[in-house]
Amino acid sequence: MSSDIYQPPEDIVSRTLTTKDQYDALYAQSVNDPEGFWKEQAKRIDWMKEPTKIKNTTFEYPDVSIKWFEDGELNVSVNCIDRHLKDRADETAIIWEGDEPDTDEHITYAQLHRRVCRFANVLKELGVKKGDRVTIYLPMIPEAAYAMLACTRIGAVHSVVFGGFSPEALAGRINDCDSAVVITADEGRRGGKTVPLKANVDEALKHAHGVEKVLVVENTGNDIKMKGGRDVWWHEAANGIDEFCKPERMNAEDPLFILYTSGSTGTPKGVLHTTGGYLVYASLTHEVTFDYRQGDIYWCTADVGWVTGHSYILYGPLANGATTLMFEGVPNYPDASRFWQVCDKHKVNIFYTAPTAIRALMGAGDKYVEGADLSSLRILGTVGEPINPEAWEWYNKHVGRGKCAIVDTWWQTETGGFMITPLPGATPTKPGSATKPFYGVQPEILDQEGKVQTETETEGVLCIKDSWPGQMRTVYGDHKRFVSTYFETYKGYYFSGDGCRRDKDGYYWITGRVDDVLNVSGHRMGTAEIESALVAHDKVSEAAVVGYPHDVKGQGVYCYVTLMTGEEPSDELKKELRNWVRKEIGPIASPDLIQFAPGLPKTRSGKIMRRILRKVAENDFGSLGDTSTLADPSVVDDLIENRENR
Ligand code: WTA
């Protein structure tokens, strides 16, 4: 834990939207009078019918129910586009920067309006209606934004699946929410390589039989197969289509989107967000946390396949009428200076990325960042995992040149928007701490037994005491799972799954997941998902997966694999298993280390003692703890002896 404190830079304080006094006053109001606070904040949105009921929420187990602005009516695309047309039709809504450095495009709000309307009309032609689920499997091209906004225009519920997921993973997500329409592209581009998106969809649809139409955007132009009657080219369908589409009136609590995320058990959960509360929260957090001013060029490097892309590439910024940059490529293509070149090229003022990218670029050497000007930058953000103080310091010194404010934003797919974060002009920062709660957020630290820790300086699991508008409403199709995952263990609280420490100044330090969820390069993954992929291989009898500290990725994936009788361990087989997992889930889940283990440490009742596996993977043998309850304690010696070295 770093003890350094950085005061907000003077330039930032002198023109900030939120001073420390304002933050303190508004925070107090937000928790003492949530109704009054959020009634006022809801005015930032254009409502077709203003809400009179503001908050109607309970975390009481098992009757958890969350409703915000429940009699309000609105349309998200109107808020993100139409309402800006009066004053800013010709200003840039989206700057698209392609994978190759010489490709980019500026899309004005007027153009965005026409393109989203056309997209919406095409979806209608394909039979999509209000409430229908549409799966989007697209690369980072402007059409991804059009497709998402088009869904909101007509009240369809989008489920964006990250383009790096495998056909198997895609099929599972299509089936879970019964999508009849999938939107994809011929291929994607990343780091000079192509990604066979349409071919992946074809493969997925062998296991997803409810899909009637596949809408295909031409991107690379390379040859792909089109299936008659099912597959439709976007440019053909859009030919002659009307450029205006009347927006659907949506209730504040109508579903807006589903986004699948990993939990500690079972298949990924369909996190459901609704319309009104989510939009109010995404836009408020975007403005306040990034100290956003009209005219700023804002860049979030995430993919729209993750929640960060939903809230902070698309909905938050566009609801605020911002210019948001969308980047198709990767940080190290053509070389490790790409991010900084893009910042200079487009004069980026606010830059938001992940610690894993910062560490990778830091590792590549300072020469890549030193050649850049970067004087346009004012605010730097991070998200996805705890940032180690060295990476924070490097970001501050080499990218921020000591003049930028750094916001380390803690939040989750489930929370819809920022929960614990500094505000640029208000909060002194400490490298590695997400600092203080956002308006309306009441963090509590509980011990394992569920007792609230009342001292300021303490450590335990991080829970939230009361609802906030951006909170997920349910797990799609499985409300029981929603209640049991987040509200059963610690009654009366939302349980985040993260461990946390609070220091003497009341600053929060996230210490990582306390459940069986890994955070690999900022991507969330359930160990159960990787285990079930491994045991699906016919040579594997059992598998247990844990995380271990990894210099660049934050956590690496360590797999213990027991083979079927008669199968021989070999490097060849390791490679085969690695490829297998990539095929089953996607490259992001690729095992870093595989150890063949003749036995796993189990209790007499057959439960795998993961604590021991974690310690071995961490090379921490001194503190294995009590192993006497193991059915066969000798397996531990074998595990240690044959551990994989990194
Ligand atoms: C982790 C991403 C420390 C955390 C928005 C959380 C963080 C999980 C931070 C959610 C941060 C996210 N500091 N840890 N600033 N931000 N996390 O759903 O473990 O992909 O529970 O949402 O990422 O990941 P998710």
Side-chain angles (χ1 to χ4, degrees), residues 1-2 160-162 164-165 257-264 268-273 278 281-282 285-286 289 300-313 315-316 352-359 380-389 391-392 395 406-422 427 429-438 441 443 461-464 470-472 475 485-486 494-501 507-527 529 547 553-555 588-589:
M1 188 156 113
S2 165
V160 182
V161 177
F162 174 57
F165 276 119
F257 65 82
I258 301 166
L259 189 55
Y260 286 87
T261 193
S262 298
S264 49
K269 299 182 279 271
V271 167
L272 184 91
H273 282 286
Y278 172 82
Y281 201 71
T285 48
H286 171 262
T289 305
C300 164
T301 69
D303 190 285
V304 287
W306 310 114
V307 74
T308 309
H310 284 58
S311 300
Y312 299 113
I313 292 178
Y315 293 121
Y352 187 36
T353 195
T356 185
I358 298 170
R359 285 193 299 267
L380 304 175
T382 76
V383 58
E385 54 176 314
I387 182 164
N388 48 314
W392 195 103
Y395 198 30
I406 299 191
V407 289
D408 173 358
T409 61
W410 175 80
W411 62 297
Q412 310 178 294
T413 307
E414 293 88 337
T415 70
F418 304 147
M419 297 293 281
I420 301 182
T421 177
T427 321
T429 47
K430 303 184 188 187
S433 168
T435 75
K436 299 273 195 170
F438 191 77
V441 175
V461 298
L462 178 60
C463 291
I464 311 291
Q471 184 171 25
M472 75 183 281
V475 170
T485 306
Y486 302 104
Y494 166 80
F495 169 49
S496 68
D498 278 320
C500 184
R501 179 162 44 196
Y507 274 47
Y508 291 86
W509 301 73
I510 309 298
T511 52
R513 302 288 304 195
V514 295
D515 53 9
D516 292 319
V517 172
L518 305 183
N519 197 328
V520 180
S521 299
H523 297 146
R524 236 171 108 163
M525 243 168 303
T527 52
E529 280 168 79
K553 298 176 169 185
Q555 268 188 312
I588 54 168

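Atoms within a ligand are numbered from 1 in the order they appear, just like the ligands themselves.
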Geometry only, no angles: is [X] polar-contacting ligand 1 at N/O separations under 3.5 Å?
X: Arg524; result: yes
X: Thr261; result: no
X: Thr409; result: yes
X: Ser496; result: no
X: Val383; result: no

Exercise: do Tyr486 and Glu414 side chains pair donor with acceptor under 3.5 Å: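 Side chains of Tyr486 and Glu414: pair found under 3.5 Å.
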
Check: Thr409/Tyr312 side-chain N/O donor and acceptor closer than 3.5 Å: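 No pair is found: no donor N or O on one side chain lies under 3.5 Å from an acceptor on the other.
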
Among all protein heavy atoms, pick out the one at the shortest distance from [atom]; state its residue, atom name and that distance to 0.1 Å.
atom: atom 18 (O) of ligand 1; value: Thr413 OG1, 2.5 Å
atom: atom 19 (O) of ligand 1; value: Asp498 OD1, 2.7 Å
atom: atom 3 (C) of ligand 1; value: Pro386 N, 3.0 Å
atom: atom 1 (C) of ligand 1; value: Gly384 O, 3.2 Å
atom: atom 2 (C) of ligand 1; value: Trp411 O, 4.0 Å

Subset of ligand 1 atoms that lie under 4.0 Å from at least one heavy atom of Asp408: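 Near Asp408, meaning under 4.0 Å from one of its heavy atoms, ligand 1 has 11 (C), 13 (N), 15 (N).
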
Ligand-side contact atoms (ligand 1) for residue partner Ile510, heavy atom cut-off under 4.0 Å: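 What qualifies from ligand 1 is 3 (C), 14 (N).
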
Pair Glu529 + Lys269, salt bridge at N-O below 4.0 Å: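 No.
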
Shortest heavy-atom approach to atom 9 (C) of ligand 1 - which of His310, Met525, Glu385: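 Selected option, by shortest heavy-atom distance: Glu385.
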
Structural part of Arg513 in contact with ligand 1, heavy atom criterion under 4.0 angstrom: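 Within the 4.0 Å criterion, Arg513 contacts ligand 1 through side-chain atoms alone.
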
Val160 versus Val304, closest heavy-atom pair with distance: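 Closest pair (atom of Val160, atom of Val304, distance): CG1-O, 3.7 Å.
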
Taking every non-hydrogen atom, the tightest pair across Gln412 and Tyr494: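 That closest heavy-atom pairing would be OE1-OH, 2.7 Å.
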
Check: Trp306 ring centroid to Phe162 ring centroid under 6.0 Å: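 Yes; Phe162 has its ring centre under 6.0 Å from that of Trp306.
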
Tyr260/Phe165 aromatic ring centres below 6.0 Å: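 Ring centres of Phe165 and Tyr260 not closer than 6.0 Å.
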
Heavy-atom side-chain proximity of Thr511 to Pro386 below 4.5 angstrom: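 No, every pair of side-chain atoms sits at 4.5 Å or beyond.
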
Evaluation steps, side-chain hydrogen bond (donor to acceptor under 3.5 Å, both in side chains), between Ser311 and Tyr278: CA-CA 9 Å; Ser311 300; Tyr278 172 82; 2.7 Å; yes

